[in-house]
Amino acid sequence: MMLPMPFRTIIEPFRIHSVEPLRMTTRADREQAIRAAGFNLFALRSEDVLIDLLTDSGTGAMSRDQWAGIQHGDESYAGSPSWFRFLDSVQELFPFKHIIPTHQGRAAEKILFTAVAGPGKVVPNNTHFDTTRANVEFTGAEAVDLVAPESSEPSVEQPFGGNMDVGGLDACLRSHPGSVPVVFVTVTNNSHGGQPVSLANLRDVREVCDGHGVPLFLDACRFAENAWFIHEREPGQQDREVRDIVREMASLADGMTMSAKKDGLANIGGWLAMNDDELATSCRNLLILTEGFPTYGGLAGRDLEAIAQGLEEVVQHDYLRYRIRSTGYLGEALDRLGVPVVQPAGGHAVYIDAGRMLPHIPPLHYPGQALAIALYETGGIRSCEVGTVMFGRQPDGSERPAERDLVRLAIPRRTYTQSHMDYVVEVCAEVWARVGELPGYSIIEEPPMLRHFTARFEPVSSTREAATPAPEG
Ligand SMILES: Cc1ncc(COP(=O)(O)O)c(C=O)c1O
């Protein structure tokens, strides 16, 4: 039941029980560190980072009860009580017949796509996350993004900007009969601004999938945040418990992949789930090859316990109200400064539109990377480029600009306070004041796939010379 909030300030619904020190650095320290890292923020030592907004994945704080759960971890190879506790709490929210534990989300993707994809196959998704796309393409299949067209209009605020393009999906299924092994919907849509997907959209997608006899899977990493948005924004959902909304989301799908590093509130873990017996058998056979026995997958018993407890905490309304408000707080503050941000803010992150903020840097000189480097050099904030560095390299080896050059400020769960966020806003204001001086970058070394993790960059002096004057404020 929702209780009315008597005060405006939404507080952290916890108090701090143990603390981790942050290491202060100077601008000179940071300039040296980022140069040594080949201007790739993934290559920094995390001790050289002050506020780490690289990802919300596995970086959250666990609760007292999760740490207590860790002590209950039973490390029996097969049939451990920790496995059954994990299984019960996953099936309480996602009542799929088969639950297959994995060490993280991409292991679930790897197993599923090895089983169902391959050359000639096509996998539609509202927007593939980078590892999902890479795992589809690694099998030789094609990964197709089909986000609703109205969601791609950055100036229009959408309550459900992560929705799938239902007409586009129907057309895709018609033009590839027999070649689509599974349709995916990512909730929330991480690579598209962390925007949610509505129940209405999921129902429409389900209907199209049924019409073509194709199964629907959820990439459900941020299922609770998505369900909270449904609870807040979708007509008729305000009186429902989030756990019931989650169950309805699950009931519309035939299976899911999950990274418990997000809405599992754990530091590691994931699972693959489905109703299809035959598919489950082939996935379990692959699981044994790379992850482990089906009652622990790639996890220790203690990890299974932490996830089981995390799933109970993540659907609590007080937690979700605070979580979504803290992201909105940062997004609104940046918007007030005039920094172009994707509006409304996503569930787990605020996305700065670097393409619009740094128009003097062409996409193939990576405005998102340039902004991320500037945020680090200026204030020790580590963020993540979600744009041409991440998505620009095509399977045929060519390079083209991503649809948008974004910089993601991902907020770890239950980790930073409001004053940390106020500091982030101050650093962004400083960068915004001299944005025209920022140089673009070129890539001097990159691997064949997922290049953003390990590529090395160097500044392009011509963009610095061509820079426009900085805006006021
Ligand atoms: C939408 C989405 N899918 C899949 C993954 C992969 O999960 P993991 O990092 O646990 O492998 C992520 C991770 O960030 C994600 O955001």
Side-chain angles (χ1 to χ4, degrees), residues 41-42 52-60 90 94 100-114 117 123-138 143 145-147 161-164 182-197 217-227 229 249 253 255-273 287 290-291 297-299 303-304 306-307 310-311 314 327 346-351 382-386 390-391 406 408-413 449-450 452-453:
L41 292 114
F42 284 96
D52 205 344
L53 307 183
L54 182 68
T55 176
D56 63 318
S57 180
T59 53
V90 173
F94 302 98
I100 301 177
T102 59
H103 78 276
Q104 62 183 88
R106 70 198 67 187
E109 293 166 357
K110 168 82 176 151
I111 290 170
L112 178 69
F113 295 126
T114 304
V123 178
N125 198 321
N126 46 349
T127 314
H128 286 85
F129 179 66
D130 58 356
T131 62
T132 325
R133 170 173 288 279
N135 274 305
V136 169
E137 289 174 351
F138 189 71
D145 288 342
L146 290 171
V147 74
N163 279 352
M164 185 166 231
V182 61
V183 169
F184 254 83
V185 175
T186 303
V187 294
T188 54
N189 191 338
N190 183 7
S191 301
H192 200 76
Q195 300 295 314
V197 173
F217 270 53
L218 299 177
D219 176 343
C221 300
R222 299 179 181 83
F223 69 86
E225 292 170 6
N226 198 88
F229 282 121
M249 288 161 60
M256 68 190 288
T257 54
M258 175 71 190
S259 167
K261 300 170 74 174
K262 287 83 173 175
D263 278 350
L265 297 183
N267 301 122
I268 196 71
W271 67 87
L272 171 61
L287 181 88
T290 58
E291 294 284 292
L299 295 169
D303 301 323
L304 294 167
I307 297 167
L311 291 176
V314 78
T327 314
H348 66 295
V350 172
Y351 291 72
R382 178 154 68 167
S383 56
C384 183
E385 194 261 14
V386 181
M390 195 179 268
F391 298 117
L406 303 177
R408 185 182 76 173
L409 305 174
I411 321 248
R413 294 169 180 78
M449 50 195 341
L450 294 176
H452 52 287
F453 288 129

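We number each residue from 1, following the sequence as shown. Ligands are counted one by one from 1 in listed order, and the atoms in each one are counted from 1 as well.
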Taking non-hydrogen atoms only, is Gln104 closer than 4.0 angstrom to ligand 1 via side chain, backbone, both or neither?
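Contact part for Gln104 vs ligand 1: both backbone and side chain.
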
Can you list the atoms of ligand 1 that are under 4.0 Å from a heavy atom of [X]?
X	result
Gly105	7 (O), 8 (P), 10 (O), 11 (O)
Arg106	7 (O), 8 (P), 9 (O), 11 (O)
Lys261	10 (O)
Thr186	1 (C)

Could you name the option among Lys262, His348, Arg133 that has the heavy atom nearest to atom 14 (O) of ligand 1?
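The option holding the nearest heavy atom is Lys262.
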
Judged by heavy atoms only, the candidate from Glu109, His103, Met258 nearest atom 4 (C) of ligand 1 is Glu109

What is the minimum heavy-atom distance between Ala410 and Ala349, and which atoms define it?
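What the structure gives for the nearest pair is CA-CB, 3.7 Å.
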
Identify, with sequence neighbours excluded, every residue that meets ring pair (Phe, Tyr, Trp, His ring centres under 6.0 Å) alongside Phe113.
Phe184

Just jot down the ring pair (Phe, Tyr, Trp, His ring centres under 6.0 Å) partners of Phe129, sequence neighbours excluded, or say none.
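So Phe129 forms no ring pair (Phe, Tyr, Trp, His ring centres under 6.0 Å) with any residue.
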
Taking Glu225 first and then Arg413, would you say they form a salt bridge - that is, a charged N and a carboxylate O separated by under 4.0 Å?
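Salt bridge: yes.
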
With a 4.0 Å cut-off on heavy atoms, does Gly270 reach ligand 1?
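Gly270: no contact with ligand 1 (<4.0 Å).
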
Any idea which protein heavy atom is nearest atom 6 (C) of ligand 1, and the distance to it?
Thr131 OG1, 3.5 Å

For ligand 1, find out whether one of its N or O atoms is nearer than 3.5 Å to an N or O atom of Asn190.
yes

